[in-house]
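Let me begin by presenting the structure, written as structure tokens, before commenting on it.
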Amino acid sequence: MRICYLMLVLITEFVYKCNRININCRGVINFKMFNITKLIQLVPYIPVLGMMLVFASLPFGFTKFQRISLFIFGIGYLLDLFLFKRFKGWKWSQDKWPFLLCILFYLLIPIWHLFETGLSSQYYLHCIESRMPFILYGIIGIIGLNDKFRIRDFAIVLAVTSVIVLVYSIVNYYQLLGGKWVWEGHSLYESLLVYVYSTSKSINAHMTFNMFMNIVLLLALFMFRADGVQKWKRILMILSMVCVVIGITISFGRTGALSMIFIIVSFVFYFLWTRMSKWYRCFLVLLASLPILVITFYPQFSNKSVTNDPRRVIWNVCAEMIKDKPLLGYGVVGAREQLVERGMNDPKFYHEYYENIYMMEPILDREGNVDKLQMHPHNIFLSTMMEFGILGVVILLGCLFAPIFFIRCRYKFFLTLFVIIFSFQGVFESFGPHLLPTFFMFELLLWNYASDRDSFSLTRKSVEAKEPSVEA
């Protein structure tokens with residue numbers, strides 16, 4: 001089912017792009033079109049389609065189809081780069097600094113590993129692979145993308161994907177309960193826990209699911225501020241935002257819920273506050289306070305749930321490790337092996353995290369044994385501090401927040417929101433399958449190089465006076 005819908009997205013986008021370069025796609029065979037010139041005109045759209053497919057497949061983890069999508073993006077990018085000689089006239093600019101920092105952050109792994117001996121090579125290769133987006137897309141960010149990448153196109157693809165993902169997760173939940181909406185003999189809360197379990201099995205963990213949904217929300221809000229957006233697209237954006245709110249709310253993800261609330265409240269205040277009378281502003285304050293009431297009744301925000309969070313005991317072990325090597329850290333493998341060794345000797349860590357959480361669904365190594373090295377700090381900042389010390393944390397902070405200062409676009413509001421919610425999720429998760437570096441790097445590429453990133457305004461009249469609208 002996943003492959004079918006992703007192929008549908010691919011075909012739809014391909015036809016859409018063909019129409020935009022005046023190729024007849026209505027079933028009329030015209031062999032004169034299929035000359036080399038027309039085929040060459042299609043090449044710049046190949047990396048666009050590949051990137052769209054990768055984005056659409058991110059909620060499902062690193063599947064076979066995502067590998068194919070990455071292959072399409074990579075081959076298409078190289079063809080476009082060399083066929084059109086886009087490297088000619090290249091020059092350095094300040095918006096490339098964030099990508100350089102991402103490359104440097106990745107290179108810390110092999111550099112620190114030179115000084116590690118007798119350590120797990122399997123886990124080292126895992127780190128090299130899982131964080132590879134930092135260097136691959138960092139290089140692409142320095143070289144640049146063509147002008148066929150448009151935020152509006154990605155917003156449409158991700159909006160459709162969000163609707164399909166939510167429906168797909170609900171159908172799986174319905175089938176798991178044997179054709180019933182509520183778990184018989186149990187409360188609604190317990191039934192929703194079954195939904196969370198079903199979603200983690202059929203799609204992905206709630207952290208990845210919620211990160212994807214919040215990105216959809218950001219792009220949908222961008223479409224509301226863009227000029228010349230057709231009515232059906234705005235309706236699609238509304239539908240996707242409804243799916244985002246429903247999906248995140250019933251997923252019981254605290255980080256995702258807080259990020260969603262932050263995005264909505266920030267957007268409303270930033271774009272609407274200056275255009276409202278004082279009475280509307282009072283109403284807006286009351287409206288913005290509603291999420292606080294939602295949090296109050298949200299089960300995952302209860303005092304018991306927060307107090308029993310195993311991250312608390314994990315972070316205590318991590319803090320003790322950092323005290324011993326604060327400057328240079330232990331390296332990626334050394335830090336993880338130290339975490340496992342100290343954690344297994346810590347009674348609270350062993351009972352609250354290893355026994356009660358990790359062993360519920362343990363990750364196995366190639367020999368079929370429990371891979372304890374997959375236990376992680378659930379915090380990118382603590383993890384980086386353990387691995388590379390203070391230097392690593394400084395570079396990581398540069399990767400995360402430098403885009404706000406160096407990437408030039410008329411308004412950095414949406415990019416800033418993304419950086420904040422990604423960093424916020426990083427406080428509770430480590431780089432890997434639950435916090436994909438691809439999310440971060442693709443968003444940087446999109447907001448830095450998208451040809452329509454400046455086609456929205458605080459007021460419609462101000463844009464119309466400065467430049468013509470771009471029809472979406």
TODO: Indicate yes or no: at least one non-hydrogen side-chain atom of Ile380 is less than 4.5 angstrom from one of Leu400.
DONE: yes
- [ ] Go through the structure and list residues passing ring pair (Phe, Tyr, Trp, His ring centres under 6.0 Å) with Phe442, not counting sequence neighbours.
- [x] Phe55, Phe73, Tyr137
Open item on the list: So which atom in Met375 and which in Met344 form the shortest heavy-atom distance, rounded to 0.1 Å?
Closed with: CE-SD, 4.1 Å
Open item on the list: Hydrogens and angles aside, do Asn210 and Thr255 bring a side-chain donor and acceptor to less than 3.5 Å of each other?
Closed with: no
- [ ] Search all heavy atoms of Cys318 against all heavy atoms of Leu382 and return the closest pair with its distance.
- [x] CB-CD1, 4.3 Å
TODO: Mind listing the closest non-hydrogen atom pair of Cys127 and Val332 along with its distance?
DONE: SG-CB, 4.1 Å
Task: Side-chain heavy atoms of Leu417 within contact of Ser266, under 4.5 Å - done: yes
TODO: Could you tell me whether the side chain of Asn316 and the main chain of Arg312 form a donor-acceptor pair under 3.5 Å?
DONE: yes
Open item on the list: Donor-acceptor check, side chain of Asn356 to backbone of His351, threshold 3.5 angstrom: yes or no?
Closed with: yes
Task: Interatomic distance, Ile421 atom CD1 to Ile261 atom CD1 [nearest 0.5 angstrom] - done: 13.0 Å
- [ ] Would you mind reporting whether Leu70 and Thr438 have side-chain heavy atoms less than 4.5 Å apart?
- [x] no
Task: Rounded distance (nearest 0.5 Å) linking atom CD1 of Ile151 with atom CG of Leu158 - done: 12.0 Å
- [ ] Measure the spacing between CG of Asp147 and OG of Ser451 and express it to the nearest 0.5 Å.
- [x] 6.0 Å
Task: side chain to side chain contact (heavy atoms under 4.5 Å, CB included) between Ile357 and Glu352, worked out - done: CA-CA 7 Å; Ile357 303 296; Glu352 295 184 32; over 6 Å; no
Open item on the list: With rounding to the nearest 0.5 angstrom, report the CD1 to OH distance, Ile250 to Tyr195.
Closed with: 4.0 Å
- [ ] Report yes if the side chains of Cys102 and Met441 come closer than 4.5 Å at any heavy-atom pair, otherwise no.
- [x] yes
TODO: Fit a plane to each ring of Phe212 and Phe439, take the angle between them on a 0 to 90° scale, and name the class: parallel (under 30°), tilted (30 to 60°) or perpendicular (over 60°).
DONE: tilted
Task: Whether Ser198 side chain and Val194 backbone form a donor-acceptor pair below 3.5 Å - done: no
TODO: Would you name the heavy atoms of Ala220 and Met237 that are closest together and state the gap between them?
DONE: CA-SD, 3.6 Å
Open item on the list: Has Trp447 got a side-chain atom pairing as donor or acceptor with Phe414's backbone, closer than 3.5 angstrom?
Closed with: no
Open item on the list: Between Tyr173 and Thr199, is there a side-chain donor-acceptor contact under 3.5 Å, judged purely by atom types and distance?
Closed with: no
Task: Side-chain (Arg311) to main-chain (Phe428) donor-acceptor, under 3.5 angstrom - done: yes
Open item on the list: Going by ring pair (Phe, Tyr, Trp, His ring centres under 6.0 Å), His378 matches just one of Phe431, Tyr353, Trp315, Tyr358. Which one?
Closed with: Tyr353
Open item on the list: Treating Lys412 as the side-chain partner and Ile404 as the backbone partner, does any N or O pair qualify as donor plus acceptor under 3.5 Å?
Closed with: yes
Task: Check against side chain to side chain contact (heavy atoms under 4.5 Å, CB included), Met241 and Val216 - done: CA-CA 8 Å; Met241 286 191 285; Val216 173; over 6 Å; no
- [ ] Take the angle between the ring planes of Phe134 and Phe105 and call it parallel below 30°, perpendicular above 60°, tilted in between.
- [x] perpendicular
TODO: Check for a donor-acceptor pair, side chain of Ser202 on one end and backbone N or O of Ser169 on the other, with a separation under 3.5 Å.
DONE: no
Open item on the list: Closer than 3.5 angstrom, by distance alone: can the side chain of Asn172 be matched with the main-chain N or O of Tyr168 as a donor-acceptor pair?
Closed with: yes
Open item on the list: Determine whether a donor-acceptor pair (N or O, by modelled atom type, separation under 3.5 Å) exists between the side chain of Arg336 and the backbone of Leu373.
Closed with: yes
TODO: Report the C-alpha separation of Tyr123 and His126 in whole Å, then their side-chain angles, then the decisive distance to 0.1 Å, and conclude whether the ring pair (Phe, Tyr, Trp, His ring centres under 6.0 Å) test is met.
DONE: CA-CA 5 Å; Tyr123 179 72; His126 167 76; 5.7 Å; yes
- [ ] Look up atom CG in Leu136 and atom OH in Tyr77, then write down how far apart they are to the nearest 0.5 Å.
- [x] 11.5 Å
Open item on the list: Applying side chain to side chain contact (heavy atoms under 4.5 Å, CB included), can you list everything that pairs with Asp346, at least two apart in sequence or on another chain?
Closed with: Val317, Lys348, Phe349
Task: Charged N-O contact under 4.0 Å between Arg254 and Asp309 - done: yes
- [ ] List the atom of Val393, the atom of Met385, and the distance in Å for their closest heavy-atom pair.
- [x] CG2-SD, 3.5 Å
Task: Heavy-atom side-chain contact between Ile46 and Ile75 under 4.5 Å - done: no
- [ ] Look up atom CG in Asn214 and atom CG in Leu219, then write down how far apart they are to the nearest 0.5 Å.
- [x] 11.0 Å
Task: Ser162 vs Met213 side-chain heavy atoms within contact, under 4.5 Å - done: yes
TODO: Heavy atoms only: give me the nearest His206-Ser251 pair and the separation to one decimal.
DONE: CB-O, 4.2 Å
Task: Main-chain N/O of Ile407 paired with Asn448 side-chain donor or acceptor, under 3.5 Å - done: no
Open item on the list: Is there a side-chain contact between Tyr449 and Asn146 in this structure, where contact means two heavy atoms from C-beta onward sitting under 4.5 Å apart?
Closed with: no
Task: Residues Leu217, Phe267; criterion side chain to side chain contact (heavy atoms under 4.5 Å, CB included); working and verdict - done: CA-CA 11 Å; Leu217 178 61; Phe267 178 83; over 6 Å; no
Task: Check: Val333 and Glu387 side chains under 4.5 Å, non-hydrogen atoms - done: no
